[in-house]
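Each chain gets a letter, A, B and so on, in the order the sequences are listed, and its residues count up from 1.
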There are 2 protein chains.
Amino acid sequence: MQKLLVWENKLRDKNIRVTSQRIAIIEVLLKEAIPLAAGDIFAKIKNRPELKLSTVYRNLNLLVDERLVRKLNFKGKGTVFELLEDHHQHLICLECGDVKSIQCPLQNYEEELHNDTGYELYDHNIEFYGVCPACKNS
Amino acid sequence: MQKLLVWENKLRDKNIRVTSQRIAIIEVLLKEAIPLAAGDIFAKIKNRPELKLSTVYRNLNLLVDERLVRKLNFKGKGTVFELLEDHHQHLICLECGDVKSIQCPLQNYEEELHNDTGYELYDHNIEFYGVCPACKNS
DNA sequence: GATTAAATGCAAATCATTTGCAGAAAGGAT
DNA sequence: ATCCTTTCTGCAAATGATTTGCATTTAATC
Ligand SMILES: [Mn+2]
Ligand SMILES: [Mn+2]
Ligand SMILES: [Zn+2]
Ligand SMILES: [Zn+2]
C-alpha cells in the first residue's frame, strides 16, 4: 500500500477531512523525509498558487494536535515539522544544516525517570549537534 | 565567593563589560534558577523602568554566543534561557509547566555516536515531557 | 443533488525578536 | 579625576513568523 494512502486513512481515522491542501503538505513531508519549516513546505508546493501559507500553518497545527506530526525546534533552523512515524531522534550538522535520523538512545529510560521523580512520562526529544564528516574536511 | 561575583568575573574574562543591565538579567536567572523566557526575565526586573526588552534580548543573545547562557525551546513555553553551569537536562510538566532539572542520562553516548556517524559531537539537548505527581492527583 | 460542518483564501492582526541610530556608560590610559 | 575609545543602551521602528476573522468553498453524509 502506498504511503500516501496510509496517511489519507490516518486522516479518515481521526475524522479529519482529506483535502487537496492537506495531501499536498503530507506529500512534501513524505518526499523530503526530514523535518521542514512551515515556509519550506509552503515553498515546495508547486503549481498550487492558491494554497496559502496560513493553510500550511493551520494544517500543521492540526496534525500536531492529532499526533500525526511532530513539531521540533533545531538550533539554526527554528521550528520544523516531520511526519510522526517511528520513534527516533536527530543529529544536526551546525555547519551545513544536514539532519540525520538516529535511533533513540533512551528506549527504556522513561521508566527509571518515572521511578525517580513520580512524573508520568509521555514523550521525550533529543537533539545532537555536531559537524558532519563532509564539513569537517573543508 | 558570591555567585554574582563569579558571573561578573566570567564577563570580565570574556571582555564583556559589566553593566547594570547585564547584572540585573543575570541576577534574575540566578534567583529563579529555571529556564525563563526573555519576556519573563524582563518582567521580573523591577524598579528599572528604563531597562528595555530589546536590551534583554541583546544581552541574552550575546551571552548565548559567549557560551555563558543556554537557549532552549520547551513545548508550551517557547524559547527560554538559563545560565550555563553544570551539564543537565529538563523534565517538563505539560499541565502546570513545572520544570525539573535532571541528571543527563547520556554522559558517554557522544563517543558511540561519533563512531557510528563520523560526526564531531559538540552538544546535545534532551527534554522529557510528562505530568508531575501534583497534577496527576487532581 | 441537497445539506451541513469543516476547511480554505485572503487580508489584517498579533507576537516575538531584531535593528538603526544617537546618546550614555564602561574600562583603559594619562 | 579626566580624557578617550569602544561598547552598550534607550528608543522607536522594522522585521519575520505565526495566528486570526470572516466570507466563500469544499468534503463528507444522506
Ligand atoms: Mn526525523
Ligand atoms: Mn536547567
Ligand atoms: Zn555538515
Ligand atoms: Zn504539573
Side-chain angles (χ1 to χ4, degrees), chain A residues 4-5 7-28 35-66 68-81, chain B residues 4-5 7-28 35-66 68-81:
Chain A
L4 190 54
L5 291 182
W7 281 91
E8 292 186 6
N9 286 331
K10 290 187 188 197
L11 297 182
R12 292 194 184 94
D13 290 348
K14 303 228 178 217
N15 290 311
I16 298 172
R17 294 186 180 174
V18 178
T19 67
S20 69
Q21 293 86 340
R22 242 152 234 172
I23 297 305
I25 292 164
I26 291 171
E27 276 181 331
V28 169
L36 293 176
D40 292 339
I41 296 167
F42 176 67
K44 285 184 191 302
I45 297 172
K46 327 281 196 197
N47 46 54
R48 296 291 307 269
E50 80 289 359
L51 199 168
K52 294 296 159 179
L53 181 55
S54 58
T55 299
V56 173
Y57 274 108
R58 268 195 281 237
N59 279 304
L60 290 171
N61 288 338
L62 174 72
L63 295 170
V64 168
D65 289 347
E66 298 288 347
L68 296 175
V69 162
R70 180 152 72 141
K71 183 179 184 176
L72 297 167
N73 202 283
F74 290 165
K75 223 177 268 191
K77 307 205 165 193
T79 303
V80 292
F81 301 85
Chain B
L4 190 55
L5 291 182
W7 281 91
E8 291 186 6
N9 286 332
K10 289 187 188 198
L11 297 182
R12 293 194 183 93
D13 289 348
K14 303 230 178 217
N15 291 311
I16 298 172
R17 292 184 181 175
V18 178
T19 67
S20 68
Q21 293 88 340
R22 243 151 233 171
I23 297 306
I25 292 164
I26 291 172
E27 275 180 330
V28 168
L36 294 176
D40 292 339
I41 296 168
F42 176 66
K44 285 185 191 299
I45 297 172
K46 326 279 194 198
N47 47 52
R48 296 289 310 268
E50 80 287 1
L51 198 169
K52 294 297 157 179
L53 181 55
S54 58
T55 299
V56 173
Y57 274 108
R58 266 194 282 237
N59 279 303
L60 290 171
N61 288 338
L62 175 70
L63 295 170
V64 168
D65 289 348
E66 297 289 346
L68 295 175
V69 162
R70 179 153 73 141
K71 184 179 184 175
L72 297 167
N73 202 283
F74 290 166
K75 221 176 272 191
K77 308 205 166 192
T79 303
V80 292
F81 301 86

Open item on the list: Can a donor-acceptor pair be found, under 3.5 Å and without considering hydrogens, that links the side chain of K71(B) to the backbone of T79(B)?
Closed with: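 No, because the side chain of K71(B) does not come within donor-acceptor range (under 3.5 Å) of the backbone of T79(B).
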
Task: First encountered from the 5' end of DNA chain D, between T79(A) and R12(A) - done: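 Per heavy-atom nearest nucleotide, the more 5' residue is T79(A).
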
OP1, OP2 of [N] versus side-chain N and O of [X]: anything below 4.0 Å?
| X | N | answer |
| --- | --- | --- |
| K52(B) | dT9(D) | no |
| R22(B) | dC8(D) | yes |
| N61(A) | dT19(D) | yes |
| T19(B) | dC8(D) | no |

Rounded to whole angstrom units, what separation is found between the [atom1] atom of [X] and the [atom2] atom of [N]?
| X | N | atom1 | atom2 | result |
| --- | --- | --- | --- | --- |
| N59(B) | dA26(C) | CG | C1' | 14 Å |
| N15(B) | dA26(C) | CG | C1' | 12 Å |
| K14(A) | dA6(C) | NZ | C1' | 18 Å |
| Y57(A) | dT14(C) | OH | C1' | 13 Å |
| F42(A) | dT18(D) | CZ | C1' | 13 Å |
| L36(B) | dA16(C) | CG | P | 15 Å |
| K71(B) | dA16(C) | NZ | P | 14 Å |
| E50(A) | dT26(D) | CD | C1' | 13 Å |

Open item on the list: For V56(A) versus I25(A), what's the shortest heavy-atom pair and its separation?
Closed with: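 Where V56(A) meets I25(A) most closely, the heavy atoms are CA-CD1, 3.7 Å.
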
Between [options], which nucleotide has the shortest distance from any of its atoms to the side chain of [X]?
| X | options | result |
| --- | --- | --- |
| Q21(B) | dT9(D), dT18(C), dT8(C) | dT9(D) |
| R17(B) | dT19(D), dT7(D), dA6(C) | dT7(D) |
| A38(B) | dT17(C), dC8(D), dA7(C) | dT17(C) |

TODO: Compute whether any side-chain donor of one residue and acceptor of the other, for S20(A) and R48(A), lie under 3.5 angstrom apart.
DONE: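 Short answer, yes.
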
Task: N9(A) and R12(A): side chain donor to acceptor below 3.5 Å - done: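 A pair is found: one side chain offers a donor N or O, the other an acceptor, under 3.5 Å apart.
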
TODO: Give a yes or no on whether K44(A) atom NZ has more than 12 heavy-atom contacts from other residues, nucleotides or ligands under 6.0 Å away.
DONE: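 Not more than 12 within 6.0 Å, no.
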
Task: Residue whose nearest DNA chain C nucleotide is more 5′ - G39(B) or S20(B) - done: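 Nearer the 5' end of the strand: G39(B).
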
Open item on the list: Please classify the nucleic acid contact of R58(B) as base, sugar-phosphate, or nothing, using heavy-atom distances under 4.0 Å.
Closed with: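 Touches a base.
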
